[in-house]
Protein chains: 2
Amino acid sequence: MTDSPQSPLWRSPVTSSDRLLLEMQRTIVEGEIASGSKISEPELARKFNVSRAPLREAMARLERCHLIERIPNAGARVVKLSTEGLRALYQIREELEGLACRLAAENMDEQEIEQLRGLLDQHLNSQRVREGESYYQEAGDLDFHYRIILGSKNPYLINMLCDELYFLVRMYRVQLGMNGPRVSRAFDEHKAIINAIANRDGELADLLMRRHIAASRGNIELKLQQLGK
Amino acid sequence: MTDSPQSPLWRSPVTSSDRLLLEMQRTIVEGEIASGSKISEPELARKFNVSRAPLREAMARLERCHLIERIPNAGARVVKLSTEGLRALYQIREELEGLACRLAAENMDEQEIEQLRGLLDQHLNSQRVREGESYYQEAGDLDFHYRIILGSKNPYLINMLCDELYFLVRMYRVQLGMNGPRVSRAFDEHKAIINAIANRDGELADLLMRRHIAASRGNIELKLQQLGK
DNA sequence: AAAAAATAAATTGTCGACAATAAGTTATTT
DNA sequence: AAATAACTTATTGTCGACAATTTATTTTTT
């Protein structure tokens with residue numbers, strides 16, 4: 001993943017607050033800190049061996065990507081996953097990633113499109129080997145979406161999707177998983193999207209991406225209901 | 001404007017960092033600190049009579065709403081206005097506010113729609129009195145957009161538009177203005193949008209809002225080019 | 001005994017000082 | 001004289017301590 005100057009969350013971690021952010025993102029996304037639990041600043045500061053200053057800066061950025069919720073003078077809690085939250089999040093995602101596809105069809109150059117195709121082939125191969133391994137698919141799928149978003153060449157869109165929304169999306173997907181039959185279908189949908197972009201058919205790419213995301217949402221929503229939330 | 005718990009930027013300023021944020025937002029949006037100029041932390045801390053801790057927290061939030069750009073260990077600069085920036089920003093705005101209209105048509109209750117109508121009448125009257133006064137129109141227009149966004153009832157959408165994008169939008173509009181003929185036309189467009197929402201025609205409301213924003217962009221873009229940027 | 005008030009404990013917000021990094025200046029070398 | 005290197009200055013990042021606010025506990029009152 002290349003660094004982008006517009007995206008402070010994706011630069012190599014130069015400062016200690018950067019490292020903290022990465023670690024806490026992982027911790028929350030993977031559910032090591034329980035959803036909804038309170039975050040104690042002194043406790044975490046001890047745990048990570050840093051002062052509260054960089055910790056608070058990291059927390060401000062965690063709030064920015066919707067992983068925690070803060071109330072002034074009261075404290076911060078890890079966000080809770082819910083059906084309504086998922087719906088609201090994916091409404092935005094559909095819209096913005098659809099736009100990203102339309103712009104990518106206009107703005108990606110041939111080389112970038114070719115690289116995207118290469119990425120997909122690579123995932124297909126590794127998927128044949130590791131059948132049903134959900135984590136690799138997870139990473140691969142996100143990488144696919146990332147590249148298209150970057151291909152839109154719109155800094156604000158990139159910032160919103162990659163820096164602010166994607167960690168929460170990952171949290172839903174990591175904690176509620178993506179199961180068997182959906183995985184292989186997702187590959188086909190990805191392929192169709194690439195084709196539309198390569199044909200410079202932004203309208204179609206937009207439509208296909210929206211459906212792709214809607215299908216993904218349906219899959220996660222099902223799991224949420226099974227768990228009785 | 002009511003406080004919304006999801007929007008830390010719009011609560012009443014309880015902490016000193018909140019007050020700083022509001023003041024600096026105003027200062028930057030209205031151009032009191034020149035576009036592109038460097039921000040010195042010690043200098044500003046003296047100016048506002050606070051320590052650097054709340055100042056840095058305020059700056060983190062200024063970065064979040066795209067009013068400043070920070071580079072680690074190097075400092076922060078006030079954002080520069082440009083034609084490309086405007087285009088990228090309004091691309092997102094069209095998409096998200098279009099979505100907001102569609103959702104508002106579904107989710108606003110009759111009372112909220114009636115209040116929105118009242119707001120528009122009120123602006124029409126005050127506009128007859130203060131012909132061509134651009135600042136009031138500015139505030140009124142934003143208020144109109146705000147209410148529709150809130151009417152979408154989508155917390156993420158509200159957060160993105162009201163907390164992260166709108167200050168930069170205001171900066172473009174305040175510094176590059178909105179002139180005579182466009183003002184009265186905007187009123188008609190607002191009226192048409194309300195009607196579509198009242199008729200629960202989300203698709204039409206979406207379309208009208210997109211056009212409304214596109215027209216607004218054209219107007220500002222013209223000014224930018226006249227100033228030779 | 002339950003509710004309210006007062007007190008105690010803990011947590012968050014803010015401060016001033018120090019350390020690490022970057023920018024600016026002077027001295028040195030080719 | 002131009003370019004490089006060493007040094008100085010200034011700015012940012014981090015730390016530990018204090019103040020203000022909230023939460024939990026205890027005491028008092030009805």
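The chains referred to below are lettered A, B, ... by the order of the sequence lines, with proteins before strands, and numbering in each begins at 1. All figures in this text were calculated on a predicted structure; none of them were measured in a lab.
Sequence neighbours left out, the pairs with a member in residues 110-119 of chain A that pass salt bridge (charged side-chain N to carboxylate O under 4.0 Å, His left out) are A:Glu110-A:Arg200, A:Glu112-A:Lys153.
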Under 3.5 Å, side-chain donor or acceptor atoms of residues 85-92 of chain B against the rest of the protein: list the pairs with distances, not counting sequence neighbours.
unit_1: B:Arg87; atom_1: NH2; unit_2: B:Glu221; atom_2: OE2; d: 2.7
unit_1: B:Tyr90; atom_1: OH; unit_2: B:Arg93; atom_2: NH1; d: 3.1
unit_1: B:Gln91; atom_1: OE1; unit_2: A:Asn154; atom_2: ND2; d: 2.9

Review item, side-chain donor-acceptor pairs of residues 43-52 of chain B, under 3.5 Å, at least two apart:
unit_1: B:Ser51; atom_1: OG; unit_2: B:Ala53; atom_2: N; d: 3.1
unit_1: B:Arg52; atom_1: NE; unit_2: B:Glu41; atom_2: OE1; d: 3.0
unit_1: B:Arg52; atom_1: NH2; unit_2: B:Glu41; atom_2: OE1; d: 3.1

Output a table of nitrogen or oxygen pairs between the protein and nucleotides 13-22 of chain D separated by less than 3.5 Å.
unit_1: D:dG13; atom_1: OP1; unit_2: B:Asn73; atom_2: N; d: 3.2
unit_1: D:dG13; atom_1: OP2; unit_2: B:Arg56; atom_2: NH1; d: 2.5
unit_1: D:dG13; atom_1: OP2; unit_2: B:Arg56; atom_2: NH2; d: 3.1
unit_1: D:dG13; atom_1: O3'; unit_2: A:Thr15; atom_2: OG1; d: 3.0
unit_1: D:dG13; atom_1: N7; unit_2: B:Arg52; atom_2: NH2; d: 2.8
unit_1: D:dG13; atom_1: O6; unit_2: B:Arg52; atom_2: NH1; d: 3.0
unit_1: D:dT14; atom_1: OP1; unit_2: A:Thr15; atom_2: OG1; d: 2.5
unit_1: D:dT14; atom_1: OP1; unit_2: A:Ser16; atom_2: N; d: 2.6
unit_1: D:dT14; atom_1: OP1; unit_2: A:Ser16; atom_2: OG; d: 3.1
unit_1: D:dT14; atom_1: OP2; unit_2: A:Thr15; atom_2: OG1; d: 3.1
unit_1: D:dC15; atom_1: OP2; unit_2: A:Ser51; atom_2: N; d: 2.7

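Phosphate contact (OP1/OP2 of C:dT12, side-chain N/O of A:Lys38, threshold under 4.0 Å): present.
Going from atom CE of B:Met59 over to atom P of D:dT12 covers 7 Å, rounded to whole Å.
Listed by chain and residue number, nothing satisfies the ring pair (Phe, Tyr, Trp, His ring centres under 6.0 Å) test with A:Tyr172 (two or more places apart in sequence, or in another chain). Taking the side chain to side chain contact (heavy atoms under 4.5 Å, CB included) definition, one finds that A:Asn73 meets it with nothing, sequence neighbours left out.
Here A:Ile39 lies in heavy-atom contact (under 4.0 Å) with sugar-phosphate atoms only.
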